[in-house]
Each structure stands twice: as C-alpha cells, then as structure tokens.
Amino acid sequence: MKKILVVDDEQSIVTLLEFNLQKAGFEVVKAGDGPTAVKLAETEKPDLIVLDIMLPGMDGMEVCKKLRMERINTPILMLTAKDEEFDKILGLELGADDYMTKPFSPREVVARVKAILRRSGQQQEQETNQSDEQMITIGQLVIYPEKYEVLFNGNRLELTPKEFELLQYMASHPGRVMTRDQLLNAVWNYDFVGDSRIVDVHISHLREKIEEDTKQPKYIKTVRGLGYKLEG
C-alpha cells in the first residue's frame with residue numbers, strides 16, 4: 001500500500017484528503033505544521049507528499065527546500081491558496097513536482113497522486129527489466145534508467161524525479177528539437193494549459209547541474225521559437 005503524507009494546518013482539508021485517499025486505497029500520514037512534515041518525511045518515508053504552502057512553524061516552500069537539500073527526493077504535490085504565477089513557479093524552482101490551486105476537487109487530487117505514482121511505478125518496472133548495457137551516454141553524461149541515476153564527469157547528480165524524467169526523455173531523443181508542449185505531455189502526462197514555463201524552470205535547474213556555463217550551454221540548447229534539444 002502506497003503511503004501519502006498530507007501536510008495542511010486546516011483540519012477540514014486534512015480530513016477531506018484523508019478520506020478520499022484512503023478510499024482510493026492509500027495509507028495516509030498527517031502533519032499540521034512544517035517541522036512535523038520534515039520529520040515525518042524523514043521517518044515515515046512516504047511515497048508522495050501533498051504539501052500546503054501556508055503552514056505554521058515553517059511554510060511549505062521552506063519544507064520543500066529543506067527536503068531537497070537533505071536529498072529527500074520524494075515527489076511533492078504542492079497546494080496553494082494563492083492563484084499567483086509567482087507562487088507556482090517558485091515552488092517548482094524549490095523542487096516541487098506538481099501544484100494545485102485551492103479550492104480543488106479531492107477527486108482531482110487523487111487523480112494527480114495516482115498519475116505521479118503511476119509514473120514512479122513505470123520507472124520501477126524499468127529498473128527490473130533493464131540492464132546496465134541500456135545506459136544512455138551523451139558526452140560526459142551517463143544515465144542509468146534502471147538505477148534512476150545520472151553521472152556527470154563521473155560524479156553522481158542529485159536530481160528531483162521530474163528533473164530525471166525530463167533529462168532521460170530528452171536523452172532518449174538526442175539532437176531532436178522538442179517543443180515545450182511536447183515535453184509537458186511526455187513528462188507531466190497531463191494538460192498544463194498556459195504553463196509551459198514549468199519546462200523552462202526544470203531546464204534551468206538541469207543546466208545549473210550539468211553546464212559549465214549556463215549562458216552558453218553545451219548540452220541542453222535552446223532552439224529559438226521552437227523549444228529545446230539535448231546534444232553532446
């Protein structure tokens with residue numbers, strides 16, 4: 001049974017999410033503040049975290065940032081009551097994998113959770129079926145899909161799940177120009193109408209980790225007016 005950590009200081013929302021997630025077959029762990037969320041993420045090792053931004057003690061942004069700094073790459077679905085682009089993009093920049101704006105449908109939350117875990121399950125299946133000979137090598141980048149691992153110049157990179165999926169997908173199509181919409185559909189697997197800048201955020205993060213000069217990238221190149229391509 002997959003375990004979901006629900007973090008929100010509004011008890012009514014926690015109760016609503018707990019009921020619907022349990023009904024969908026998930027185990028639910030709950031936290032009402034930031035410090036408790038960090039502790040439970042470390043000790044309970046949930047498969048996914050549903051994280052509100054506005055929390056006492058430590059807000060959701062800080063929780064997300066702290067977990068990623070501690071190399072806890074559990075997928076995070078962030079909830080925000082502010083319908084502002086700044087909050088959404090900042091959350092993604094700090095390492096969140098997805099976001100939803102309140103008010104939301106609990107059925108949609110469950111659907112998002114299932115979609116994220118389904119992708120994770122597909123990745124685990126790849127780990128079972130693939131061998132080291134199927135690694136992807138581009139320049140100094142070596143990607144092991146079966147290990148969910150990336151080496152750059154011989155050093156292991158710390159990537160969030162979404163960063164890994166994006167890099168792996170582009171590396172599977174070297175030299176091919178991909179639009180933002182194509183990448184959204186392939187990696188996020190559902191409609192982000194008007195939010196193609198989510199791709200830009202993750203591309204920026206990847207460049208910071210694999211490019212010597214992010215302004216003159218050697219690997220992930222921008223094709224003006226079209227999108228991006230990965231080449232060695």
Side-chain angles (χ1 to χ4, degrees), residues 48-49 61-78 88-99 116 119-120 122-127 130-189 192 195-232:
L48 183 142
I49 302 171
M61 298 292 193
E62 287 299 318
V63 170
C64 185
K65 181 178 180 181
K66 183 173 180 59
L67 292 179
R68 294 313 186 219
M69 289 178 65
E70 294 181 0
R71 298 182 179 180
I72 297 176
N73 289 323
T74 306
I76 294 175
L77 171 59
M78 187 164 280
K88 299 171 184 177
I89 298 301
L90 179 57
L92 292 167
E93 287 178 344
L94 292 175
D97 297 273
D98 196 358
Y99 67 83
I116 295 170
R119 290 193 294 270
S120 176
Q122 290 170 349
Q123 183 59 47
Q124 290 174 2
E125 183 177 350
Q126 289 177 1
E127 291 177 6
Q130 293 178 333
S131 64
D132 286 351
E133 284 72 22
Q134 291 175 296
M135 66 184 182
I136 303 171
T137 303
I138 297 181
Q140 297 301 312
L141 273 173
V142 182
I143 303 171
Y144 294 92
E146 75 287 349
K147 297 180 181 178
Y148 224 77
E149 182 176 276
V150 178
L151 301 181
F152 182 64
N153 288 331
N155 298 314
R156 187 175 185 276
L157 294 181
E158 295 295 334
L159 302 180
T160 67
K162 273 292 174 287
E163 289 170 356
F164 179 88
E165 291 171 18
L166 178 59
L167 182 61
Q168 180 188 1
Y169 184 77
M170 295 184 71
S172 298
H173 305 82
R176 176 180 168 184
V177 179
M178 299 182 183
T179 67
R180 292 170 176 81
D181 287 339
Q182 286 175 320
L183 293 172
L184 277 172
N185 184 61
V187 177
W188 279 263
N189 201 29
F192 266 87
D195 283 330
S196 62
R197 278 165 292 185
I198 292 171
V199 173
D200 298 334
V201 169
H202 284 76
I203 290 290
S204 176
H205 281 189
L206 285 173
R207 281 175 171 166
E208 290 173 359
K209 296 178 180 180
I210 68 174
E211 302 285 3
E212 294 182 4
D213 184 354
T214 57
K215 294 182 179 180
Q216 295 183 335
K218 295 170 57 178
Y219 289 93
I220 303 177
K221 298 188 176 181
T222 301
V223 181
R224 193 173 299 276
L226 292 176
Y228 299 101
K229 66 177 179 177
L230 178 67
E231 59 183 34

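Computed over heavy atoms, backbone and side chain alike; hydrogens, waters and symmetry mates excluded.
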Residues that [X] engages under side chain to side chain contact (heavy atoms under 4.5 Å, CB included), provided they are two or more places apart:
{"X": "Asn155", "answer": "none"}
{"X": "Glu163", "answer": "Leu159, Thr160, His202, His205, Leu206, Lys209"}
{"X": "Leu151", "answer": "Val142, Tyr144, Glu149, Arg156"}
{"X": "Lys218", "answer": "Glu211"}

**Report entry** Partners passing salt bridge (charged side-chain N to carboxylate O under 4.0 Å, His left out) against Lys65 (at least two apart in sequence or in another chain)
**Finding:**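 Partners of Lys65 by the salt bridge (charged side-chain N to carboxylate O under 4.0 Å, His left out) criterion come out as none, since no residue qualifies.
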How far does [atom1] of [X] sit from [atom2] of [Y], to the nearest 0.5 angstrom?
{"X": "Gln216", "Y": "Arg207", "atom1": "CD", "atom2": "CZ", "result": "11.5 Å"}
{"X": "Leu167", "Y": "Ile143", "atom1": "CG", "atom2": "CD1", "result": "4.0 Å"}
{"X": "Gln140", "Y": "Ile210", "atom1": "CD", "atom2": "CD1", "result": "11.5 Å"}
{"X": "Arg176", "Y": "Leu230", "atom1": "CZ", "atom2": "CG", "result": "13.0 Å"}
{"X": "Ile220", "Y": "Thr214", "atom1": "CD1", "atom2": "OG1", "result": "11.0 Å"}
{"X": "Leu157", "Y": "Phe164", "atom1": "CG", "atom2": "CZ", "result": "10.5 Å"}

Measure across [X] and [Y] and return the closest heavy-atom pair with its distance rounded to 0.1 Å.
{"X": "Cys64", "Y": "Ala96", "result": "SG-N, 3.4 Å"}
{"X": "Pro145", "Y": "Ile136", "result": "CG-CD1, 4.3 Å"}
{"X": "Leu166", "Y": "Val187", "result": "CA-CG2, 3.9 Å"}

**Report entry** Leu67 side chain near Ile49 side chain, heavy-atom distance below 4.5 Å
**Finding:**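 Contact flag for Leu67/Ile49 side chains = yes.
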Query raised in the report: So do the side chains of Asn73 and Arg68 get within less than 4.5 Å of each other, counting heavy atoms only?
Result: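 Side-chain contact under 4.5 Å: yes.
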Query raised in the report: Quick one: ring-ring contact (aromatic ring centres under 6.0 Å, His included) partners of Tyr219, sequence neighbours excluded?
Result: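 Result, ring-ring contact (aromatic ring centres under 6.0 Å, His included) vs Tyr219: Phe152.
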Query raised in the report: If only atom types and distance count, is the side chain of Ser172 paired as donor or acceptor with the main-chain N or O of Gln168 below 3.5 Å?
Result: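 Between the backbone of Gln168 and the side chain of Ser172 there is a qualifying donor-acceptor contact (under 3.5 Å).
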**Report entry** Within 6.0 angstrom of Glu208 CD, more than 12 heavy atoms from elsewhere
**Finding:**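 Enclosed: over 12 neighbouring heavy atoms sit under 6.0 Å from CD of Glu208.
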